[in-house]
Amino acid sequence: MCGINGVILADPSASASAELYEGLGLLQHRGQDAAGIITCGDKGRLYQCKGNGMVRDVFEPRQLLCLMGSLGVGHVRYPTAGTSSNAEAQPFYVNSPYGIVFAHNGNLTNSRELRDFLDHEAHRHVNTDSDSELLLNIFADHLNKTGKFRVNEEDIFTALQGVYSQCIGGYACVGMIAGFGLVGFRDPNGIRPLIYGERTNRDGNTDYMMASESVVLDALGFANFVDVRPGEAVIITRNGVSRRMCKEGMPFTPDIFEYVYFARPDSIMDGVSVYKARLAMGEALASAVLKTLGRNMDVDVVIPVPDTSRCSALQASYKLNILYREGFVKNRYIGRTFIMPGQQQRKKSVRRKLNAMNMEFNGKNVLLVDDSIVRGTTSYEIIQMAREAGAKKVYFASCAPPIRFPNVYGIDMPTRQELVAHNRTAEQVAEEIGADCVIYQELDDLVQSVRKFNPSISQFDVSVFNGCYIT
């Protein structure tokens with residue numbers, strides 16, 4: 001999973017780097033492996049700074065000052081397809097044709113075929129194992145077919161139709177053509193999110209920004225948010241916004257895991273408040289807890305696993321009429337363990353990230369609420385911390401159903417063997433992670449918790465739960 005943004009300022013003499021930097025900071029939760037910014041200055045010259053690490057570590061003030069230009073694209077990543085090498089930090093760039101920059105969130109499922117096409121037919125060199133570079137070169141190949149000295153919007157839309165015809169998977173992209181403007185597009189099923197907004201300056205001119213989540217636009221003073229539709233391409237220049245459907249007829253299936261885990265609670269995605277959706281998940285989860293443990297349950301306190309599950313745990317405790325307490329204190333300077341590259345690193349990081357307060361656990365039967373149970377590594381360590389703090393019983397409730405299948409659209413769940421719920425019952429998962437009982441959310445309840453806020457979304461990508469892949 002990655003975070004992307006792009007900005008075009010009305011004033012050609014203004015600098016886009018500071019806003020791109022702030023935007024990436026607001027998207028840091030979506031990727032902590034690498035970060036990068038490329039800007040476009042006078043005469044189409046590109047300036048870049050990217051590398052491995054957190055946003056605050058990659059960019060220093062002097063580097064931001066060197067990123068000149070009022071047009072730019074930013075990216076934060078964690079590895080899904082490819083490796084963690086510095087060479088795979090995005091955005092990616094190709095000089096031909098016209099100077100194209102791409103920031104990509106998602107994963108392509110036909111990477112092998114695309115790589116063969118680029119090698120044998122398009123004769124384009126691909127330097128990394130990243131499918132993002134494949135996507136960039138497919139677009140560049142189609143745009144090159146125009147054979148023009150300068151391209152126009154019609155040429156770009158035509159090239160993007162070619163991209164849609166070749167690329168399969170879940171993806172959202174923000175691109176930049178040197179000296180021209182921004183390009184944003186979303187996969188035909190809308191699996192990955194993309195939104196844009198505008199900001200009117202005092203002189204009446206308009207700035208535009210694209211991002212993975214609305215929180216970025218909101219924090220930087222942009223308004224009139226518009227979700228890019230599935231299969232839609234958006235071109236933004238200083239003359240305004242042009243939109244076109246490039247691929248129609250596919251079911252709209254946003255990834256429900258965005259609402260469960262990845263997105264910030266203060267974001268609105270495809271018309272759904274992530275915060276409200278998580279409250280609804282907590283209410284539905286409370287019903288599942290009642291069904292499993294009964295009305296005479298011996299739970300003394302409900303404790304969230306920070307941070308994502310707080311909203312759900314609070315609502316669950318309210319419905320269950322059981323005390324809510326913050327039992328874990330989080331070190332905010334440690335990254336999200338689920339998106340860290342490597343199982344051993346996740347194990348070590350859990351105890352550095354969280355500290356259990358004995359007074360909230362000692363002598364109590366606790367219900368821990370988390371957004372999901374993926375590999376089970378984090379859950380096991382957290383349950384052990386609760387027991388070491390004196391908990392008598394530890395019940396573990398997951399806002400998501402059992403995750404039994406790998407994700408192929410950009411979430412780091414590469415093999416079934418890594419998923420603790422694969423070929424295991426809830427009782428076996430409880431034994432594996434050391435809980436007295438594990439309670440899972442029902443899939444229908446999860447879907448309804450999100451869909452109730454936008455009934456026009458008829459279905460979601462829930463392939464990690466049922467193994468039914470959209471593409």
Side-chain angles (χ1 to χ4, degrees), residues 4-20 23 37-48 67-75 91-104 136 139-140 142-146 148-164 172-186 194-212 216-217 220-229 231-246:
I4 57 179
N5 67 352
V7 67
I8 179 167
L9 303 178
D11 181 1
S13 64
S15 176
S17 62
E19 298 202 79
L20 289 166
I37 291 174
I38 298 181
T39 58
C40 181
D42 290 340
K43 299 181 181 178
R45 181 174 178 181
L46 300 179
Y47 303 85
Q48 75 168 9
L67 292 171
M68 294 181 281
S70 57
L71 171 65
V73 171
H75 187 275
F92 282 123
Y93 159 74
V94 290
N95 69 331
S96 176
Y98 313 115
I100 307 170
V101 173
F102 253 39
H104 164 229
L136 167 60
F139 175 65
H142 283 283
L143 200 58
N144 194 51
K145 292 174 182 177
T146 64
K148 290 183 177 180
F149 178 65
R150 290 285 184 266
V151 289
N152 56 35
E153 292 183 1
E154 190 64 34
D155 297 325
I156 296 169
F157 283 129
T158 300
L160 287 171
Q161 287 172 346
V163 171
Y164 279 112
C173 297
V174 175
M176 176 175 66
I177 299 175
F180 187 90
L182 293 178
V183 178
F185 60 99
R186 194 175 178 189
L194 186 62
I195 192 169
Y196 68 92
E198 60 184 41
R199 180 180 61 197
T200 303
N201 300 317
R202 291 179 180 177
D203 59 8
N205 292 319
T206 304
D207 302 328
Y208 295 94
M209 175 173 271
M210 290 183 169
S212 296
V216 178
L217 280 62
L220 295 175
F222 288 80
N224 301 325
F225 305 156
V226 180
D227 290 292
V228 177
R229 292 174 293 177
E232 182 182 38
V234 178
I235 299 173
I236 305 178
T237 67
R238 290 193 173 87
N239 296 322
V241 179
S242 298
R243 305 169 63 184
R244 183 175 300 181
M245 293 300 299
C246 294

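Because the structure is a prediction, the values reported are computed rather than measured. Side-chain atoms are counted along with the backbone in the values below, which use heavy atoms only and exclude waters and symmetry mates. Residues: numbered from 1 along the sequence shown.
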Criterion side-chain contact (heavy atoms from CB on, under 4.5 Å) on E19 and L9, from CA distance to verdict: CA-CA 10 Å; E19 298 202 79; L9 303 178; 3.5 Å; yes

Shortest non-hydrogen contact between H75 and A103, atoms and distance: CD2-CB, 3.9 Å

Spatial distance of atom CD1 (I195) from atom CG (L217) [nearest 0.5 Å]: 6.0 Å

Partners passing side-chain hydrogen bond (donor to acceptor under 3.5 Å, both in side chains) against S70 (at least two apart in sequence or in another chain): R238

Donor-acceptor contact present, side-chain S15 to main-chain M68, <3.5 Å: no

Which atom of G6 lies closest to which atom of L182, heavy atoms considered: C-CD1, 3.7 Å

Distance-minimising heavy-atom pair for A16 and G72: CB-N, 4.4 Å

Just distance, no hydrogens or angles: give the donor-acceptor pairs under 3.5 Å from side chains in residues 155-163, sequence neighbours left out.
from, atom 1, to, atom 2, distance (Å)
D155, OD1, K148, NZ, 3.3
D155, OD2, K148, NZ, 3.1
D155, OD2, N152, N, 3.1
T158, OG1, E154, O, 2.9

Results of side-chain hydrogen bond (donor to acceptor under 3.5 Å, both in side chains) for Y98 - residues two or more places apart only: T146

Residues that A18 engages under side-chain contact (heavy atoms from CB on, under 4.5 Å), provided they are two or more places apart: none

Contacts of type ring-ring contact (aromatic ring centres under 6.0 Å, His included), residue F92, not counting sequence neighbours: none

Distance, nearest 0.5 Å, that separates CD1 of I38 from OH of Y93: 9.0 Å

Contacts of D227 that satisfy salt bridge (charged side-chain N to carboxylate O under 4.0 Å, His left out) - sequence neighbours left out: none

For D42, side-chain hydrogen bond (donor to acceptor under 3.5 Å, both in side chains) partners two or more places apart: none

T39 side, atom OG1; Y47 side, atom OH - distance, nearest 0.5 Å: 7.5 Å

Pairwise distance CG(L67) to CG(L20) - rounded to 0.5 angstrom: 8.5 Å

Nearest heavy-atom neighbours spanning N144 and S96: OD1-OG, 4.5 Å

Sub-4.5 Å side-chain heavy-atom contact between Y196 and V234: yes

From CA spacing to verdict: side-chain contact (heavy atoms from CB on, under 4.5 Å), N201, D207: CA-CA 7 Å; N201 300 317; D207 302 328; 3.0 Å; yes

Spatial distance of atom CZ (F185) from atom CE (M210) [nearest 0.5 Å]: 10.5 Å

Test side-chain contact (heavy atoms from CB on, under 4.5 Å) applied to N224 - qualifying residues, sequence neighbours left out: E198

For T237, all residues meeting side-chain contact (heavy atoms from CB on, under 4.5 Å), sequence neighbours excluded: E153, F180, I235, N239

Pairs flagged by salt bridge (Lys or Arg N to Asp or Glu O under 4.0 Å) wherever residues 173-186 is involved - sequence neighbours left out: R186-D270

Between CG on residue L46 and CG on residue L71, distance to nearest 0.5 Å: 9.0 Å

Residues in side-chain hydrogen bond (donor to acceptor under 3.5 Å, both in side chains) contact with D203, at least two apart in sequence or another chain: N205

Atom of G179, atom of C40 and distance for their closest heavy-atom approach: N-SG, 3.3 Å

Minimum heavy-atom distance between A172 and L194, given as atom pair plus value: CB-CB, 4.1 Å

V174 side chain reached by N5 side chain, heavy atoms, under 4.5 Å: no

Min side-chain heavy-atom separation M209-R199 under 4.5 Å: no

Partners passing salt bridge (charged side-chain N to carboxylate O under 4.0 Å, His left out) against R243 (at least two apart in sequence or in another chain): E232

